[in-house]
Undergrad: 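Quick one: the structure is below, and I'll ask about it shortly.
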Protein chains: 2
Amino acid sequence: MALAIKVNEETFTPRQQAVLTAALDLLVENGDGLTMTAVARRASCSKETLYKWFGDRDGLLTATVQWQAAKVRMPFVDRSHLNLKALRASLEQFARDLLTTIIGEVSITLNRTAITHAAQEKDDLGNIVLENGPLAIRRRLKPILEAARDARLLRFPSSEEAYRTFFGLVVRDVQIRLLLGDKGLTQSNVEANIEADVKTAADQFLALYGAKANS
Amino acid sequence: MALAIKVNEETFTPRQQAVLTAALDLLVENGDGLTMTAVARRASCSKETLYKWFGDRDGLLTATVQWQAAKVRMPFVDRSHLNLKALRASLEQFARDLLTTIIGEVSITLNRTAITHAAQEKDDLGNIVLENGPLAIRRRLKPILEAARDARLLRFPSSEEAYRTFFGLVVRDVQIRLLLGDKGLTQSNVEANIEADVKTAADQFLALYGAKANS
DNA sequence: TTCGAACCGTACCGTACGGTACGCCTCTCT
DNA sequence: AGAGAGGCGTACCGTACGGTACGGTTCGAA
C-alpha cells in the first residue's frame, strides 16, 4: 500500500479503530496468523468493508501497527533547569518507560510482526516500528543529553554514541530474549526488577558519561 | 516434530547437509517464504525425500536452524593466567565475535525465522537460537568474568548482571535495528566500525567493573 | 415515504502450498 | 544378472486463505 510512513494526521473513525483493536487483539493472541476472515468476525464487520477501508491485508496490518505504535508516549522532560538530580530523574524515567514498553505484550507482538514482515523485503512495518521505537527514543533523548553536556553535567564524544550506550545499558538482552520467546524470562519476572534495573542503568550511564567521572 | 532441543549428536549425511544448505539459502533469499517445493527443486531432491528425512515443514526448518546455529563458534579463552591485558583481549574478542555474528545475514535470517516462529506459540526455533546465541555467550563469558573476579581484576555484585551489561554495551540497538530492516544501518556500515565499537565496549565495561574503577 | 449509501453476512473463486502417491531410474548387495 | 532399497520427478489432493460478488438491512437525507 503506502510506502511512505504515514503521519498521524490520518485519523480513523471510531468504527475503524474498533476494527484495528480487533486486529491487534488477534495479532497478540494468534501471533502472525492474522486472517481477514478472523478480523471481520471479531469486529463484526464484512470482509468487503475491510478491503474498502484498508485496501488489502498489508494495508490492514500497516494501519494496525501504525495506529498502535503511535500510541507509545515518551516522557516529556523539562530541559530548562537541569541539575544532576533532574538529569538522573530524566534518565530513570526514560529507562523506565523504555523497559515497560519493551516488555509489554503489545510491543512484543508489534516487533515480531514487523520483523516477520521485514523478512520479506517489505520493510514497511519495520520502518514504522523503528520510527516509533528506537528512533523516537533517540530523538527525545539526544536533546536532553546535549543540554546536559552544555550544562557540564555530561561529557561524551558524540550524542549518538551516548544514546546508543544508554539504550544498551537499559535494554541489554531483554528484548531479543522476549522476542525469541525465552521461557525463563516472563513479563512479570522482568517487571519485578524494573526499578532496580532502571537505577542500575542510570548509575552506569552516569558513571561512564558523568562529568565527574572523566574529569 | 521434536519438542526437546536436539543435541548435536544427531548428525546429517552430506546429502542431507546439502539439502539443509539449500534450505538456508532460500531462507536467506526469500525470507520466511520457504516452500517445500522450492527446497526440493533447489536441492534437486523429491519432496517425498524431504518428508521422509525431516517429517514435515517444521522439522526441516528446525533441522536447518539447529544445524546452522550450532556452527556459531565462540572464542576459547585461556583462563589460567589472567592479567588485565589478557582480560581486555578476551573481552574484545568476545565483543568482536558477537558483533560479527549478529550483523551477518545468516544470523539475521535465523533470528527472524525464530522470532516469526515464536509468534505462533511454537518456541522451538526460538529456544534453539537462544541456546546457541545469547545463552551460549553467557555460558562462555561467565566463567571468565568469575575468574577475573577471583583474580581481583573485576568487581561485580553478580556475574549475571555483569554479563548482561556486557551484552548491552556490545550489541546496543544494532541487532533490533537490523532485524527490523533499518535501511540506515547496512551491514558494511556497521562492519567498518566494529573495531572501534569493540574497543569502546571493552573500555566501558572495564570502567564499570574493573577493580581499579570502584576501589 | 422513498432513495441511496454504507455496511453486514455469506457464499464463492482462484491460488498457493503442505502433504501423499506413484512411476521410473540407479546403485548396491547377493 | 536379478532383486530390492533409496531416491528423483511429477502429478495429484485437500485445505486455508486472500480477494470479490451479491443480497439483505439499517439509516440518514430529501
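Order of the sequence lines fixes the chain letters, A, B, ..., with proteins taken first and strands second; residue numbering starts at 1 for each chain. Predicted model, so just to flag it, every value in this text is computed and none were measured.
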Undergrad: Could you state the interatomic distance from NZ (A/K71) to CG (A/L24), rounded to the nearest 0.5 Å?
TA: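 Answer for the NZ-CG pair, A/K71 versus A/L24, is 8.0 Å.
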Undergrad: Distances under 3.5 Å only, N/O to N/O: pair up the protein atoms with those of nucleotides 11-18 of chain C.
TA:
residue	atom	partner	partner atom	Å
C/dG18	OP1	B/L34	O	3.4
C/dG18	OP1	B/R57	NE	3.0
C/dG18	OP2	B/M36	N	3.0

Undergrad: So, does A/W53 get its side chain near the phosphate of C/dA6, meaning an N or O under 4.0 Å from OP1 or OP2?
TA: no
Undergrad: To the nearest 0.5 Å, what is the distance between CZ on A/F166 and NZ on A/K142?
TA: 14.5 Å
Undergrad: Rounding to an integer number of Å, can you tell me how far A/L50 CG sits from C/dA6 C1'?
TA: 14 Å
Undergrad: Mind checking the CG-CD1 spacing from B/N111 to A/I176? Nearest 0.5 Å is all I need.
TA: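 Answer for the CG-CD1 pair, B/N111 versus A/I176, is 5.0 Å.
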Undergrad: Does B/E131 pair with B/R138 as a salt bridge, N-O distance under 4.0 Å?
TA: no
Undergrad: For A/R41, answer base if it contacts any base atom (sugar-phosphate contacts may also be present), sugar-phosphate if it contacts only those atoms, and nothing otherwise; contact means non-hydrogen atoms under 4.0 Å.
TA: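 A/R41: no heavy atom of the nucleic acid under 4.0 Å.
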Undergrad: Can you tell me how far P of C/dA5 sits from CD of A/E48, to the nearest Å?
TA: 14 Å
Undergrad: So, are A/D58 and A/K122 salt-bridged, with charged N and O less than 4.0 Å apart?
TA: yes
Undergrad: Report, as yes or no, whether the 6.0 Å neighbourhood of atom CD on B/E105 holds more than 12 heavy atoms from other residues, nucleotides or ligands.
TA: no
